Visitor: 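Handing you this structure, nothing more for now.
Each chain gets a letter, A, B and so on, in the order the sequences are listed, and its residues count up from 1. Note that the structure is a prediction, hence the values are computed from the model and not measured.
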Amino acid sequence: MEFAELIKTPRVDGVVLHRPFMPTVEGTLCLTGHHLILSSRQDTTEELWLLHANIDSTEKRFVGSLGTIIVKCKDLRVIQLDIPGMEECLNIASSIEALSTLDSVSLMYPFFYRPLFEVIEDGWQSFVPEESFKDLESMTDEWRLSEVNKDFSLCPSYPSLLTVPKDIDDESLCKAASFRHGGRFPVLSYYHKKNAMVMMRAAQPLTGTNGRRCKEDEKLINATLCAGKRGYIIDTRTIAVAQQAKARGGGFEQEANYPQWRRIHKAIERSNVLQDSLIKLVEACNDQSHSMDRWLSKLEASNWQSNVKEILTTACLAAQCIDREGASVLVHGTEGTDSTLQVTSLAQIILDPACRTIRGFEALIEREWLQAGHPFQQRCAQSAYSNGKPRSEAPVFLLFLDCVWQILRQFPCSFQFNENLLIMLFEHAYASQFGTFLGNCVAERGKLQLSQKTVSLWSWVNRPQELERFLNPLYEPNNLVIWPSVAPQSLLLWEGVFLRWNRSTKCLDEAYQEMVHIIEYNKELQNKVNSLRRQLAQLETEDKMVADLK
Amino acid sequence: MEHIRTPKVENVRMIDRLTRRKSSVGTLYLSSTHTIFVENSEARKETWVLHSLIYNVERLPTNSSGSPLIIRCKNFHVYRLLIPQEKDCLDVLASLTRLSRPERYGELFCFSFNPNLDKELREKAWGFINLKAEFSRMGIPCNLWHVTAANHEYRLCDTYPSELFVPKSASPAVIVGSAKFRSRGRLPVLSYFHRDTSASICRSSQPLTGFSARSSDDEQMLQAIMKSNPVSEFMYVVDTRPKLNAMANRAAGKGYENEDHYTNIKLQFIGIENIHVMRNSQQKLIDVGELAAPSMSDFLWGLENSGWLKHIKAVLDAGVFIAKAVAEDGVSVLVHCSDGWDRTAQACSVASVLLDPYYRTIKGLMVLIEKDWVSFGHKFSHRYAHLDGDPKEVSPVMDQFLECVWQLMQQFPCAFEFNERFLIQLHTHIYSCQNGNFIGNCQKERRDLRLQERTHSLWPHLWENRAEYTNPLYRTDHSQTQGVLKPLTTAYCFKFWKGMYGRAEKSVASHQSPADCLNAVREESQQLEEELSSHQERLVQLKERKISGERKKTNKLSERVQRPIPTESELSSPLDYFTAPRSEKNTPSFTLPLQLAAPHKNGDPDDLSTCSDFESGVADLSSYSSSGGDDTKDPDSDEVVKANA
């Protein structure tokens, strides 16, 4: 096996593991091709199993012959390993370094992972575009499924099947694709059943400095408007950024060419800025010596909460246009693979109760992120501890999850799932035994043969044993559109992720258990009462019959 | 009555700052105790504003639509009125200004407040909290501590209670001598006794050391306190002031204990700032809450700049230090600041909440407030401006204590019997002057005012409504309920108390609280339990009757209980998420939270979404130019946030 040569020392005894707010563990450290394992060989203490892929960066230092490796993980945890022996320590450090930075996707753990559970429902088949199109067909006949991108040549980052207006033929789609960045022509993102309004997404139009136009593109999006109605184009960039894009061949829709559309610019940051924001935030959260002033000023300087507010505000705006104004909406930024997806997916959570169920939320992630071509592989290659120059890493998906958490916190009874599901998705997007988040688009996943060679995250999550952990006990299904508050005091720091390793959660966990207990007791009582009612009713009928006979 | 210049003004507009078009027109009535706004709408919705809760009234320049008047309350509610005639506005302003600043105790609301209780019940109500019983709960008196009559008729210290608990070993001469050496005679006395370790928390004011003075009586007093804890070899003296402040006091003949003069004491400064700093800090915090449309940066910067959370942390840190000394090290602590009625009360009561689970119950918190605050002479009437007086005496000391408890509730969700609502209710009543409990500045003053004969006690009233104030997660046998709380006081553990300070605007009110859902579930469970036992009884009856063959009229099964889950629809409505418009007339509006039952204009039966008034639900889109490209100005982040205005 090729990993063997990367593992210079497979095993060291007498290693001490330090984790904040947890007792230290002494035991044997083992390195395998994909895991760092620390075992105390005692039943009482838990072992540490850490995926190499989860390691964001390492630091080593020496005091005499005692070496210390600080391991910083993509899930934001920081652990310390004290390793006796300088040579062992150096070997372990360089092995971890090599194993956690493997270049080739096909060497990643998902290709080696064999599930210990029986796959009942194959997650790779759980959310296919044909199925969601069937749902759409039951509501409207205005749309068709186009195979124009069957071989991914028109748009490499789109899936092979796309939902487009029925009246637009594939030839027009090809022309529209050539007018949009990366070939990402406008496609259907969401159909609002209540008033038949739609949300579409795309990449920026390639107007350039001389104001190019494309009749097919105009026709395509106009086809989604009702007679006499106007639509809204939500550009996730500021007007200045959009203007600058012209110089590089991009741009935005000129009102002269799109008279039926009104354009609104918002200010969601570009991905490289977001990465910087994450790094600053995590740095602030990890320093427990900060005075109150310093903490608040670092929190502010990180801009993370501002980013959350901006993304959520834009999503609410899109939802408002659809639900309140009765208008169709087109959302795009530059590439249409980051801020665009944040907005379209959050808007659906606000508008569509189905997206607030576990199944619906999974479908949403599959539809609006995985199949829509969010480059997970690139964005999640490194997390907050990356010390190299960022290439294309960015916490775009994490910000989306943070926004979902904000809505969930404001509407604690409207979601079938709880915070654990969001945290789990964050972890698996960055490092996982499952193949779901590998690759950058449908085409790449196909080439990697992920559906044959790896297990889908959904195969695991949707097992009843696992689902239990993700269910929100307070859930009461409702059909409402939920409008979150975006005022600064309504948006909190997501402690479940950012302070997760910096405090003991015992008391909060207990509170959660207590909540579950209260609700379960209630259900139990309901069942008992119902069964007694039935018995009583039966007895009383018999009673009556006897009496009538007399 | 003589202060009411105009009892009634018609066609007044009540404005929600965020939702201009949601404002309602109605009639304003001024009574001697309340200002009442009655909407002209069919519902005749009434808004009552208690005059004693009014913090200030501000009149803005008259404009074409009328004279705006802003009423700010001490519990952080804000009411914005638009009065058509300037003269009426001036009259209302003058009336409210006078009515909200009573000059004599006799004018206070508590003397006219009449909940229709007969005399006997009222007297019984005043006995609801009994401090003697509280000390005996702690195990006092005992062989080490006893009650002294030294302050009978308040002759030793007029701001202390008449009954004081002191070490048995302290002779009357030592007690008197110690009182003479302490600012305002506030000698060291027992506040809390920790049975498990025999360590105690005592409190006093600063000693009158100046640069060199000493008092052998005071030294003996501290020695007696230390000795009352047989196992420990030293005691802490916690001076809750910043050391610099304590040193400065020496110039005025006051100061702090010299460690060389007292045997086996360890002096510890905590650094809680004085009442003036706290007053300014809270004002800045309130200003943050009132910002028109803060960006996240504005908000966080304002929060930092106010220093408020820093001060809350200091108070909590003081409590943590004392609790640790008493519970873990078994060392007694003497706590003082300058006069020993503000920071000392905060530090002692926070420590008590951490140490003793009893103070984390509804009744226990009442007892604690009665003991550490009311009886020990916290100057309620001065601090909370019950009367028109020196504004420099006003300070949110109690607000900070309540907030410390709230911050603890965030870390220990199962540890407290009461909920946030209880704290907010307490806060309101500390300011409202509805009951006699918090009137005056010390026990003697309350006695002289004969408050127990002339006013009603708050505590039994809160106790009767305790169901409303109960934390559903609290269980007496839960591990968090037992023992000492050890909170983390890292900066990131402190949160902005939105329930308290975010109340100025309805539109940012929290949507739904899990606690309310859980309370509803628990209520339903209780009903189900009752139903269960009644069904079981009936079942037994029926079975018996079946045997005896007897027939009785059958009862209809009771209706299924419906859980009164508060729906989110009642509380949510779309805010405005559009980019900021540039002129005033384009200001986007917000909707008020509306009842689900309100009829929809469109009458679409399928429309279950949350807002019933479409016109006001969203911004006026026609005011947005689609020609963003031609705009010279950027809708950059600063502007974007204004959309929430």
Visitor: In terms of heavy-atom proximity below 4.5 Å to chain A, should B/Lys310 be classed as side chain, backbone, both, or neither?
Guide: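 Both backbone and side chain.
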Visitor: Hey, does B/His535 have a side-chain heavy atom less than 4.5 Å from the side chain of A/Gln535?
Guide: no
Visitor: Just give me the residue among A/His517, A/Gln305, A/Glu524, A/Lys506 that pairs up with chain B most often, heavy atom to heavy atom, under 4.5 Å.
Guide: A/Gln305
Visitor: Mind checking whether A/Arg533 and B/Glu531 have side chains closer than 4.5 Å, heavy atoms only?
Guide: yes
Visitor: Which of the residues A/Met515, A/Arg503, A/Lys528 is involved in the greatest number of heavy-atom pairs with chain B at under 4.5 angstrom?
Guide: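 Ranked by contacts with chain B, first place is A/Met515.
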Visitor: Restricting to non-hydrogen atoms, name the atom on A/Ile518 and the atom on B/Pro472 that form the minimum distance, rounded to 0.1 Å.
Guide: CD1-O, 3.3 Å
Visitor: With only heavy atoms counted, which part of B/Glu529 is less than 4.5 Å from chain A, the side chain, the backbone, both or neither?
Guide: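 Interface part for B/Glu529: both.
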Visitor: For a 4.5 angstrom cut-off between non-hydrogen side-chain atoms, does B/Leu488 reach A/Phe21?
Guide: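 Heavy-atom side-chain distance check passes, below 4.5 Å.
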Visitor: Of all heavy-atom pairs between A/Leu508 and B/Gln410, which one has the smallest distance, and what is that distance?
Guide: CD2-O, 3.6 Å
Visitor: Can you tell which part of A/Ser291 gets under 4.5 Å to a heavy atom of chain B, answering side chain, backbone, both or neither?
Guide: backbone
Visitor: Select one option (side chain, backbone, both, neither) describing which atoms of B/Leu532 are under 4.5 Å from chain A's heavy atoms.
Guide: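 B/Leu532 touches chain A through backbone and side-chain heavy atoms alike.
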Visitor: Which bit of B/Tyr492 is near chain A, if near means a heavy-atom gap under 4.5 Å: side chain, backbone, both or neither?
Guide: both
Visitor: Mind ranking A/Thr505, A/Leu499, A/Asn195 by heavy-atom pairs under 4.5 Å with chain B and telling me who comes out on top?
Guide: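 Looking at each of A/Thr505, A/Leu499, A/Asn195 in turn, A/Leu499 comes out on top.
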Visitor: Rounded to the nearest 0.5 Å, what separation is found between the NZ atom of A/Lys298 and the CD atom of B/Glu304?
Guide: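 The distance works out to 12.0 Å.
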Visitor: If you round to the nearest 0.5 Å, how far is CE of A/Met292 from CG of B/Leu303?
Guide: 8.5 Å
Visitor: Closest approach of B/Ser525 and A/Asn522, non-hydrogen atoms and distance?
Guide: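 Answer, listing the atom of B/Ser525 first, then A/Asn522: OG-ND2, 3.0 Å.
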Visitor: Going from OG on B/Ser306 to CG on A/Leu296, what distance comes out if it is rounded to the nearest 0.5 angstrom?
Guide: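 So the gap between those two atoms works out to 8.0 Å.
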Visitor: Any chance you could measure A/Lys309, atom NZ, to B/Met296, atom CE, to the nearest 0.5 Å?
Guide: 6.5 Å
Visitor: How many angstroms lie between SG in A/Cys507 and CG in B/Leu473, if you round to the nearest 0.5 Å?
Guide: 12.0 Å
Visitor: Could you measure the distance from the OH atom of B/Tyr501 to the CD atom of A/Gln489? Nearest 0.5 Å is fine.
Guide: 13.0 Å
Visitor: Counting only non-hydrogen atoms closer than 4.5 Å, does A/Asp235 touch chain B with its backbone (N, CA, C, O), its side chain (CB onward), both, or neither?
Guide: neither
Visitor: Please classify the contact of B/Gln536 with chain A as side chain, backbone, both or neither, using a heavy-atom distance under 4.5 Å.
Guide: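 Both backbone and side chain.
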Visitor: Answer with side chain, backbone, both or neither: which region of A/Leu299 has an atom nearer than 4.5 Å to a non-hydrogen atom of chain B?
Guide: both
Visitor: Chain B heavy atoms under 4.5 Å from A/Glu495: which part of the residue, side chain, backbone, both or neither?
Guide: side chain
Visitor: At a 4.5 Å cut-off on heavy atoms, which part of A/Tyr512 comes close to chain B: side chain, backbone, both, or neither?
Guide: neither
Visitor: Restricting to non-hydrogen atoms, name the atom on A/Pro488 and the atom on B/Ser295 that form the minimum distance, rounded to 0.1 Å.
Guide: CG-O, 3.7 Å
